[in-house]
Number of protein chains: 2
Amino acid sequence: MTHEPDRLSDATVLRLPTYLRALAELEARGVTSVSSEELAVRSGVNSAKLRKDLSHLGSYGVRGVGYDVRVLADEVSKVLGLAQVRPVVIVGMGHLGHALADFGGFATKGFDVVACFDRDPDIVGRRIGGLDVHSMAELPQVLARVAPRGDAIAVIATPAASAQGAADDLVLAGVRSVLNFAPVHLAVPQGTDVRKVDLSTELQLLAFHAMHRDALPGGASSAGSDLSTSEVPS
Amino acid sequence: MTHEPDRLSDATVLRLPTYLRALAELEARGVTSVSSEELAVRSGVNSAKLRKDLSHLGSYGVRGVGYDVRVLADEVSKVLGLAQVRPVVIVGMGHLGHALADFGGFATKGFDVVACFDRDPDIVGRRIGGLDVHSMAELPQVLARVAPRGDAIAVIATPAASAQGAADDLVLAGVRSVLNFAPVHLAVPQGTDVRKVDLSTELQLLAFHAMHRDALPGGASSAGSDLSTSEVPS
DNA sequence: TAGTGTGAACAGTTTCACAGCG
DNA sequence: CGCTGTGAAACTGTTCACACTA
């Protein structure tokens, strides 16, 4: 159908989820067409970059008009591999794990939390977010049942001290995609993909930027991720 | 004392917190000296990059020996602006806000959670993580009291629909550093620094990498953030 | 001699500016 | 005419390889 895109750059892939969210908002509001300029503002990037990113997926825009919201959203979803729902398991049912299990936002985004685990016997057996909490010993069996295709994504929400052990167990059980909320660098075998989300790191980056903003009043601030000036009209 | 460093690149600053954590671990273990190679492995980067990053801070290593752990940790902390403790306020006391308020890990890292807020009258007045939950109306007064120097960092942990409103209130109250957990792009005035942490985005990136790993069995995986092969000896 | 610090080559990313199309 | 798609230029970041020094 559409020409197979040449491999997408890391930088481009990193921005696709942001575009997808902006598109979903527009679609929910009944907007059917959008220009690169408007979509760029809503996504917090400049329009040339957005156009170049999208051009790597193929030619989905109409010159002089813009992009069809529905068509583009579908295409980005497809490229990101969201065509079918992926199972997610959570390890570590403290406050954070609890928050993640209860959060309904995944379902709409192509993910489904299908199991959760904890090491603490006091927590094992409870019901959280509609799921039974399993012991770590049950991990291989439960995983084989809820994600028989071996495509589960694991979220590590344990304390720092338990995270490497949890990662080892997960890898042993065949998991190859891990989202790590514990503030440690995980060592995993090649072929396993780890992404890290770390609160302290984010705060430290904000502190750094704040310091330089105050020290150098002349310059505008420059954020690591998001920065925007204009209010978005409803 | 040390020559004032030329401006650090964004990419370098982004890695400093990671180095700092690795250094803190080593220091806690009583290690006093470390080579660029070992510190690099523990941080998940290659040693040339690490040396170049550190060289931008000044010359803190000893040729033929390595870096003094204590000295380097202090220097990195200083550069990141962690010399004095920064106040943090949390807006949105759902499960996530609750988790953040209870998490003690900040204190050791130069941050102190000093107040929390929620819009819901059922939650206002409760005590969470040793703090009273305030209403949003109290934001300006409370902020002036707990962060009189105007250097507070705000964490937004509200649902997506309330996040922009919360951001507006915070900006009005003088906050200029925001960590946003809500899955929306916030519009803020220039001079305000927003960093975004988004679960769905992270899962989508993992899904993308997983799809390409399975489709192209030849290549090694390449993660957006972390990837490592070797176990770190204790 | 072991390991830092760094210029120089390389790779990747962003921005510019405009041709070309609906 | 307006807006996409895209080469080419500018910039930023990474890797290499080795001079240099404690």
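Convention: sequence-line order gives letters A, B, ...; per-chain numbering from 1.
In this structure, the side chain of Arg29(B) does not engage the main chain of Ala24(B) through any donor-acceptor pair within 3.5 Å. Looking at Thr192(B), its side chain never comes within 3.5 Å of a backbone N or O of Val188(B) through a donor-acceptor pair. At distances below 3.5 Å, not a single donor-acceptor pair connects side-chain atoms of Ser162(A) with backbone N or O atoms of Thr158(A). For Asp198(A) (side chain) and Ser200(A) (main-chain N/O), a donor-acceptor pair under 3.5 Å exists by modelled atom type. Of the possible donor and acceptor atoms, none in the side chain of Glu27(B) sits under 3.5 Å from a partner among the backbone N and O of Thr32(B). In this structure a side-chain-to-backbone donor-acceptor pair under 3.5 Å is missing from Arg21(B) to Thr201(A).
Counting all heavy atoms, side chain and backbone alike, Ser43(A) lies closest to Tyr19(A) at OG-CD2, 3.6 Å. In terms of heavy-atom proximity, Phe181(A) sits nearest to Ala157(A) at CB-CA, 4.5 Å. Looking at every heavy atom in both residues, Val184(A) comes nearest to Asn180(A) through O-ND2, 3.1 Å. The nearest pair of heavy atoms linking Tyr67(A) to Arg51(A) is OH-CG, 3.8 Å.
Rounded to whole Å, atom C1' of dG3(C) lies 13 Å from atom CD of Glu38(B). One interatomic measurement links the two molecules: OH of Tyr67(A) to C1' of dG2(D), which rounds to 13 Å at whole-angstrom precision. If you take CG of Leu39(A) and C1' of dG5(D), they are 16 Å apart, rounded to a whole angstrom. Atoms OH (Tyr60(B)) and C1' (dT6(C)) sit 18 Å apart, rounded to a whole Å. If you measure from atom CG of Asp68(A) to atom P of dG22(C), you get 17 Å, rounded to the nearest angstrom. We find that CD of Glu37(B) is positioned 13 Å from C1' of dA2(C), with the value rounded to whole Å. Remark: P of dT14(C) and NE2 of His56(A) are 11 Å apart, rounded to the nearest angstrom. Protein atom CG of Leu14(A) is 14 Å distant from nucleotide atom C1' of dG12(C), rounded to whole Å.
Look at Ser35(B) and you won't find any side-chain N or O under 4.0 angstrom from OP1 or OP2 of dG3(C). When the side-chain nitrogen and oxygen atoms of Ser36(A) are compared with OP1 and OP2 of dC3(D), none of them lie within a distance under 4.0 Å.
Side-chain atoms of Asn46(A) lie closest to dT15(C) of the nucleotides dT14(D), dG5(C), dT15(C).
Proximity of Arg86(A) to Arg149(A): side-chain heavy atoms (C-beta onward) are nowhere separated by under 4.5 Å.
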Mind listing the N/O atom pairs, protein and nucleotides 7-10 of chain C, below 3.5 Å?
residue	atom	partner	partner atom	Å
dG7(C)	O6	Lys52(B)	NZ	3.2
dA8(C)	N6	Lys52(B)	NZ	3.3

Can you check nucleotides 18-22 of chain D for protein contacts, nitrogen or oxygen pairs under 3.5 Å, and list what you find?
residue	atom	partner	partner atom	Å
dC20(D)	O2	Arg63(B)	NH1	3.4

Can you give me the N/O atom pairs linking the protein to nucleotides 10-12 of chain D at distances under 3.5 Å, or say none if there are none?
none

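Side-chain contact check for Asp68(A) and Ser33(A): no donor-acceptor pair (N or O, by modelled atom type) lies under 3.5 Å.
Mapping Leu54(B) and Arg15(A) onto DNA chain C by nearest heavy atom places Leu54(B) closer to the 5' end of the strand.
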